[in-house]
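In what follows, a structure is listed as structure tokens, so that the remarks can point back to it.
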Amino acid sequence: MFALEFVNFVYDVREFSSKSGVFYNTPFGIRKNNGFLFGLSSGIVPGDFYGGGIFSFRGVSLEVVAYRSGDVLLTTWPDTSDQPVYIGRANFLSGKLSLRMVWERGNFAYGFKTNFFYAKFLNFWGSGGGIDAFVGYFGEVLGYFGINNLFTSPVIWNTGRKEFAFPEVDFRLGKDLGIPSIYFGFRYSPDGRKFIFKRDLFLSSSLDFGSLSLFGGYVEGFPRLGLELKRGNYGFLVGSSYHTDLGFSFRGGFYLELR
């Protein structure tokens, strides 16, 4: 994972499947809700694992996220005229601890999130921190604008090496049409990449049938689909993505709202 991907990785099922999670009136939305969310997922590479949880109370949220990569093949290449020599396998481990503060005024919700992250690979480890800021509008049209890594988030390794996750713009619009909802937006960081339509822009929809919801869309260049079962103040979610070369990946989640 590069620094930007590592710092901003998510496990949230709605975020993974449709990027509509910030608009939902659950503990993982940006509005003031009391509750708990727990999620698990597999990555598109065998052995990848994501997991985490959020506890929210009166506009303050504490979030813990963890990631473990699949086996990373280690080789050396002493003779470039021959094949690489196999050494062994290892895993990349990382975690993130975040504190989020949210305030509401009318149809607006705004706030910030402070992040601390840690990573380890073999005998190398690194840590760093950053700040995200955002504002959301919950009127007839739903709107969200955020800047992740507001002041550039550093990851400093024990070897002295430094990596940086540059600021990332996150923009989203949504419209609730009754049973269906439509969402559109993009995420982009000036980290040397070009803006690529398939990768950086998304379009998704949600169909709400009371206790059952279907959601998904075209996210990061691939189709994604999710399902939510709601029972009172708790619910279960599962989402999937399909990659033409790597196959399916899945994420599951559970949330409980405290009333």
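Below, each value reflects all heavy atoms present in this structure, side chains not excepted, and no hydrogens, waters or symmetry copies.
A cation-pi arrangement is not found for Arg100 relative to Phe112, the charged atom failing to lie both closer than 6.0 Å to the ring centre and inside a 45° cone about the ring normal. The cationic group of Arg224 does not satisfy the cation-pi geometry with Tyr242, failing either the under 6.0 Å distance to the six-membered ring centre or the 45° limit from the ring axis. Judged by the 6.0 Å and 45° rule, Arg68 forms no cation-pi pair with Phe49.
Counting only distance, with no hydrogens or angles, the side chain of Arg172 and the backbone of Lys19 share a donor-acceptor pair below 3.5 Å. Checked by atom type and distance alone, the side chain of Tyr11 pairs as donor or acceptor with a backbone atom of Gly53 at under 3.5 Å. Between the side chain of Ser189 and the main chain of Pro167, a donor-acceptor pair closer than 3.5 Å is present. No donor-acceptor distance shorter than 3.5 angstrom exists from the side chain of Ser18 to the backbone of Gly216, with no hydrogens or angles considered. Within the 3.5 Å criterion, the main-chain N or O of Glu257 finds a donor-acceptor partner in the side chain of Asn233.
The OH atom of Tyr50 sits 8.5 Å away from atom OG of Ser249, with the distance rounded to the nearest 0.5 Å. To the nearest 0.5 Å, the span separating CZ on Phe121 from CG on Asn91 amounts to 8.5 Å. Separation of atoms CG (Leu207) and CG (Leu227) is listed at 11.0 Å; rounding is to 0.5 Å. Atoms CD and CG, from Glu63 and Leu97 in turn, are 9.0 Å apart once rounded to the nearest 0.5 Å. Put simply, CG on Leu256 and CZ on Phe55 are 9.5 Å apart, with the number rounded to the nearest 0.5 Å. Annotation: the span from Ser205 atom OG to Ile182 atom CD1 amounts to 3.5 Å, rounded to 0.5 Å.
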Lys230 and Ser213: CA distance, side-chain angles, deciding distance, side-chain hydrogen bond (donor to acceptor under 3.5 Å, both in side chains) verdict: CA-CA 8 Å; Lys230 295 171 285 186; Ser213 294; 3.3 Å; yes

CA sep, side-chain torsions, deciding dist, call: Asn33, Ser56, side-chain hydrogen bond (donor to acceptor under 3.5 Å, both in side chains): CA-CA 6 Å; Asn33 299 99; Ser56 302; over 6 Å; no

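With hydrogens and angles left out, the side-chain atoms of Ser98 and Asn115 include a donor and acceptor closer than 3.5 Å. Between the side chains of Glu228 and Tyr24, no donor-acceptor pair of N or O atoms lies under 3.5 Å.
Within 6.0 Å of the NZ atom in Lys175, the count of heavy atoms belonging to other residues, nucleotides or ligands exceeds 12.
Listed by chain and number, the residues in a salt bridge (Lys or Arg N to Asp or Glu O under 4.0 Å) with Lys120 amount to none (sequence neighbours excluded). Under the side chain to side chain contact (heavy atoms under 4.5 Å, CB included) criterion, Phe38 pairs with Phe36, Leu40, not counting sequence neighbours.
Ring pair Phe254/Tyr234 is tilted by interplanar angle, where 30° to 60° counts as tilted.
Put simply, the side chain of Val65 does not reach to within 4.5 Å of the side chain of Tyr67, judged on heavy atoms.
Partner of Phe186 under the ring-ring contact (aromatic ring centres under 6.0 Å, His included) criterion, out of Phe202, Phe171, Phe145: Phe171 alone.
Phe23 and Tyr183 have their aromatic ring centers within a separation under 6.0 angstrom.
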